[in-house]
Amino acid sequence: MVSRINRAAGVHAVSVPAEVMPALVAAHRLAVQTQGAFDITVGSLKAWHFGEGQASLPAPQEIEAQRRLVGYRNLVLDEQRRNRLSSPERHGAGPGRRGQAAHSGGRHEDAPAPRVEHALINGGGDVLILGQLHGRAWRVGLRDPHAPERMLGMLELKGQAIVASSGDYERFFMANGERQHHILNPATGRPTHGPRGVSLLARDAASVNGLGTAIMVLGSKGAAKLLQNRPEVEAALVAERDRSIWQTPGMT
């Protein structure tokens with residue numbers, strides 16, 4: 001579906017399935033709320049590659065040319081479930097999808113209540129928990145982005161919850177003495193220089209989709225403002241330079 005929308009960018013509108021439109025609407029809403037810190041069209045920055053052995057930066061002129069294509073305001077959604085990009089941007093490939101996949105692993109919106117009452121699903125860094133582990137709380141570790149083999153702490157959770165993590169320590173390469181990682185700032189077209197890592201805790205994936213990416217761009221001050229009206233979300237941020245931790249009360 002995303003590929004079809006991308007191919008039609010700047011050409012014509014695309015009809016999307018009913019189950020896809022809510023995700024697009026939610027992504028666009030978050031882009032507006034964060035003033036573009038999260039931007040669904042950031043996939044236009046396709047000059048960046050983070051595969052094994054990568055060690056060179058894209059040319060500055062290539063980054064700038066692609067950055068000009070990024071713009072959530074050009075994503076037009078209408079009541080007929082049609083999606084149109086008014087200029088040839090590309091939808092982002094990842095933010096929020098892992099959480100959606102993990103959540104659907106627990107329950108589909110239109111499906112009857114699942115028979116599985118106790119489970120832990122790890123979906124590429126996002127962890128969904130249901131119920132308990134043999135009568136005890138599930139334990140979900142929070143990785144230290146400065147030393148990913150270590151844990152910053154442990155959350156003990158029961159019932160239903162999702163822990164969603166974003167960071168610069170999974171997909172990156174070193175160039176010009178800096179870590180070049182895959183979370184890109186839509187405003188600059190380059191890797192973010194905010195926190196090294198973000199962990200979010202909420203009851204469901206819809207509450208955290210895209211938030212980690214936005215917070216990686218905004219930093220702790222922006223995160224505090226963004227989360228002010230989201231009491232259902234708890235967060236912990238690890239700073240890049242002094243390794244300090246900013247967190248909401250529910251993450252202690």
Positive for side-chain contact (heavy atoms from CB on, under 4.5 Å) with L128, one of I121, L120, V163: I121

Residue list, side chain to side chain contact (heavy atoms under 4.5 Å, CB included) with A137, at least two apart or on another chain: E156, K158

Non-hydrogen atoms of A119 and V116 that approach each other most closely: CB-CG1, 3.8 Å

Residues H28, V32; criterion side chain to side chain contact (heavy atoms under 4.5 Å, CB included); working and verdict: CA-CA 6 Å; H28 192 268; V32 172; 3.9 Å; yes

Check: K46 main-chain N/O paired with Q66 side-chain donor or acceptor under 3.5 Å: yes

Interatomic spacing from CD1 in I162 to CG in L157 - rounded to 0.5 Å: 11.5 Å

Least distance between heavy atoms, P195 atom then M216 atom: O-CE, 3.3 Å

With S207 via side-chain hydrogen bond (donor to acceptor under 3.5 Å, both in side chains) - residues at least two apart: D204

E149: partners by side chain to side chain contact (heavy atoms under 4.5 Å, CB included), with sequence neighbours left out: A147

side-chain hydrogen bond (donor to acceptor under 3.5 Å, both in side chains) against R196, all qualifying residues, sequence neighbours excluded: H146, D168

Same apolar cluster (I L V M F W Y, side chains within < 4.5 Å links), M154/L142: no

Linked, directly or transitively: L237 and Y169 (ILVMFWY side chains, under 4.5 Å): no

E170: partners by side-chain hydrogen bond (donor to acceptor under 3.5 Å, both in side chains), with sequence neighbours left out: R143

Residues in side-chain hydrogen bond (donor to acceptor under 3.5 Å, both in side chains) contact with R150, at least two apart in sequence or another chain: D144

Interatomic spacing from CD1 in I245 to OG in S220 - rounded to 0.5 Å: 12.5 Å

Members sharing V217's hydrophobic cluster (side chains within less than 4.5 Å): none

Same apolar cluster (I L V M F W Y, side chains within < 4.5 Å links), M151/M251: no

Shortest non-hydrogen contact between A214 and F38, atoms and distance: CB-CB, 4.0 Å

D39 to P186 - nearest heavy-atom pair and separation: CB-CG, 3.8 Å

Over all atoms of both residues, closest heavy-atom pair of T41 and G71: OG1-N, 2.8 Å

Connected via hydrophobic side-chain network under 4.5 Å: V16 and V25: yes

Show which side-chain atoms of residues 54-61 pair as donor or acceptor with protein atoms under 3.5 Å away, not counting sequence neighbours.
unit_1 : atom_1 : unit_2 : atom_2 : d
Q54    : NE2    : S56    : O      : 2.9

Distance (rounded to the nearest 0.5 Å) between S44 OG and N74 CG: 9.5 Å

L77 CG to M21 CE distance, which is reported to the nearest 0.5 Å: 5.0 Å

Results of ring pair (Phe, Tyr, Trp, His ring centres under 6.0 Å) for W48 - residues two or more places apart only: F50

Validation: residues 226-233 side-chain donor-acceptor distances under 3.5 Å, sequence neighbours left out:
unit_1 : atom_1 : unit_2 : atom_2 : d
R230   : NH1    : L226   : O      : 3.0
R230   : NH2    : Q33    : OE1    : 2.5

Shortest non-hydrogen contact between L155 and L201, atoms and distance: CD1-CD2, 4.4 Å

Pairwise distance CG(L30) to OH(Y72) - rounded to 0.5 angstrom: 10.5 Å

Salt bridge (Lys or Arg N to Asp or Glu O under 4.0 Å) contacts in which one or both residues fall within residues 241-252, not counting sequence neighbours: none

Value rounded to 0.5 Å, distance of OG1 in T248 from CD in E234: 3.5 Å

Considering only distance and modelled atom types, tabulate donor-acceptor pairs under 3.5 Å from the side chains of residues 172-181, sequence neighbours left out.
unit_1 : atom_1 : unit_2 : atom_2 : d
Q180   : NE2    : A175   : O      : 3.2
H181   : ND1    : I183   : N      : 3.2
H181   : NE2    : T192   : O      : 3.0
H181   : NE2    : T192   : OG1    : 3.3

Within 6.0 angstrom of Q132 CD, more than 12 heavy atoms from elsewhere: yes

Single-linkage hydrophobic cluster L184~I63, side-chain heavy atoms < 4.5 angstrom: yes

